[in-house]
Amino acid sequence: MLRVSTASLCSYCQRMRLLIPPSASASSTASPKRRPENQHTVDSLYELSVDIRKVRKLKGWVLSESPVYVSETADLLRDMGADATIIARILETHPEAVLCRPEEVAAQRDLWVSVCPNRQELMSIIEKFPASFFTLTHHSNQRANILYLQSLRLSKRIIGKLMASAPQSFSQPVERNQEVIHTLRETYLDLGGDEGNLRIWLQKLLSQNPYILLRPAEAWRDSLGFLREQGFTTGQLLNLVSSLRASISELQPEAMQQALAYIEGALTCSQDELKQMVIRCPAILYYSLPTLTGRFQGLMDVGVSIEQVKESPNVLELTTQIVLYRIQKLASHGYDVRCGSLDVIVGTKKDFEMSYSKLQLRQQRPLFNPVAPLRSAEE
């Protein structure tokens with residue numbers, strides 16, 4: 001059976017999926033039993049400058065289907081502002097689009113236009129997420145979810161981003177999304193959040209993690225309940241929820257318990273110190289025990305002290321390979337991290353490069369001695 005993601009198929013594609021034999025696999029391996037290609041489809045795609053070899057290699061089964069709507073799909077994309085290059089790129093990456101009925105695509109276009117600021121923005125989204133746009137199933141659910149999110153006064157840009165990045169959340173019944181949003185609202189207010197800032201907070205979470213709505217409401221309650229039991233205050237929990245981009249709902253209490261127990265034992269820290277470390281480095285909560293163990297041991301192996309890790313817990317966000325590379329790079333210029341703060345090596349690549357550049361400037365800039373005699377160039 002051909003493995004094709006349900007989220008990336010229109011209703012017609014899903015019906016046809018049951019008729020596709022194993023020989024119509026998207027692999028490039030030739031098979032004597034593979035169904036013959038629809039020459040009309042191949043010719044139509046070729047006329048649109050679509051790379052047929054790429055389509056054959058990735059999703060060759062599409063070329064054997066019938067009926068197809070190549071010219072109709074191209075016309076619809078063209079009407080939305082797509083040029084020839086964009087049309088070819090979309091049909092190369094998501095050739096299943098030509099199996100969708102034009103009237104269904106037109107209805108989808110009208111639905112998406114309602115949440116996009118303009119057609120240019122819509123075309124940009126379709127180019128990046130063609131599979132999301134050509135998900136034509138559960139049209140009534142999509143419309144109901146859009147109306148619900150609009151009733152919350154969320155911006156069109158946020159709703160459009162959700163539809164593009166997590167189309168599954170719009171295919172599910174609106175009641176599920178209502179339950180999750182209700183839980184988020186309760187969480188925010190229970191943790192001391194201001195009702196007046198709720199919409200802004202919610203938009204920030206949804207933009208940072210479009211998959212929030214796919215997590216069951218119970219997951220939020222379980223994770224937050226566990227952290228409350230660990231003694232985190234409401235303000236600290238609100239910061240954690242915001243810092244983790246709502247990923248708390250993806251964490252399992254048992255896994256968090258293992259991570260906290262390991263950090264507490266490895267760094268020989270008190271409960272208060274442990275909580276402060278988690279607040280400064282929330283990533284501790286979602287790293288697996290083997291990951292934390294490996295990274296901590298890697299730091300010990302290069303001579304970093306436990307106190308240094310306590311002072312800069314964000315160093316645990318870096319892989320051992322990155323830590324070694326940055327330490328060696330600094331050592332080549334005479335800086336020994338074992339004798340200073342680890343803050344110089346933490347952060348993103350850009351953060352490190354900035355810190356590294358500052359250290360270089362300090363070493364290269366000569367100290368000016370106002371009483372030293374001036375020397376001429378000849379000397």
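These figures come from a predicted structure and were not determined experimentally.
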Among V278, V241, L237, exactly one meets side-chain contact (heavy atoms from CB on, under 4.5 Å) together with L227. Which residue is that?
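Of V278, V241, L237, side-chain contact (heavy atoms from CB on, under 4.5 Å) with L227 is met by L237 alone.
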
Gap separating the [atom1] atom of [X] from the [atom2] atom of [Y], nearest 0.5 angstrom:
X	Y	atom1	atom2	value
M80	L122	CE	CG	6.0 Å
I86	L77	CD1	CG	9.5 Å
Q108	C100	CD	SG	9.0 Å

Is any side-chain heavy atom of [X] closer than 4.5 Å to a side-chain heavy atom of [Y]?
X	Y	result
N314	C281	yes
L45	L63	yes
K329	Y325	yes
L213	L206	yes
V70	H40	no
R228	D190	yes
L316	L299	yes
I87	V50	no

Quick check on [X]: does its [atom1] atom have over 12 non-hydrogen neighbours (other residues, nucleotides or ligands) under 6.0 Å away?
X	atom1	result
Q120	CD	no
R199	CZ	yes
K204	NZ	no
R176	CZ	no
M354	CE	no

Check the side chains of [Y] and [X] for a donor-acceptor pair under 3.5 angstrom, ignoring hydrogens and angles.
X	Y	result
T348	D351	yes
E264	Q271	yes
E186	H182	yes

Would the distance check show the side chain of [X] and the main-chain N or O of [Y] forming a donor-acceptor pair, the cut-off being under 3.5 Å?
X	Y	answer
E317	G347	no
Q142	T137	yes
K59	P95	no
T93	I90	yes
S151	Y148	yes
S223	L251	yes
Y211	S165	yes
R338	G303	no
D222	Q252	no

With the threshold set at 4.0 Å, does a side-chain nitrogen-carboxylate oxygen contact exist between [X] and [Y]?
X	Y	value
R35	E65	yes
R215	E250	no
K310	E307	yes

Applying salt bridge (charged side-chain N to carboxylate O under 4.0 Å, His left out) to K156 and E121, what does each step give before you reach the verdict?
CA-CA 11 Å; K156 286 185 175 183; E121 182 78 15; over 6 Å; no

Step by step, would you call I327 with L330 a side-chain contact (heavy atoms from CB on, under 4.5 Å)?
CA-CA 5 Å; I327 288 178; L330 292 172; 5.9 Å; no

Ring geometry between F134 and H94 (parallel below 30°, tilted from 30 to 60°, perpendicular above 60°):
parallel

Step by step, work out the salt bridge (charged side-chain N to carboxylate O under 4.0 Å, His left out) result for E311 and R280.
CA-CA 10 Å; E311 293 173 2; R280 294 176 61 189; over 6 Å; no

Option among F133, F129, F170 that satisfies the ring-ring contact (aromatic ring centres under 6.0 Å, His included) test with W112:
F133

Evaluate the salt bridge (charged side-chain N to carboxylate O under 4.0 Å, His left out) criterion for residues E195 and R185: first the C-alpha distance (whole Å), next the side-chain angles of each, then the deciding distance (0.1 Å), finally the verdict.
CA-CA 9 Å; E195 177 79 44; R185 181 180 182 278; 3.1 Å; yes

How would you list all residue pairs meeting side-chain hydrogen bond (donor to acceptor under 3.5 Å, both in side chains) that involve residues 292-302, not counting sequence neighbours?
Y287-R295, Q297-D301

Kindly give the heavy-atom pair with the smallest separation between A164 and P167, and that separation in Å.
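Heavy atoms only, the tightest pair is O-CD, 3.8 Å.
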
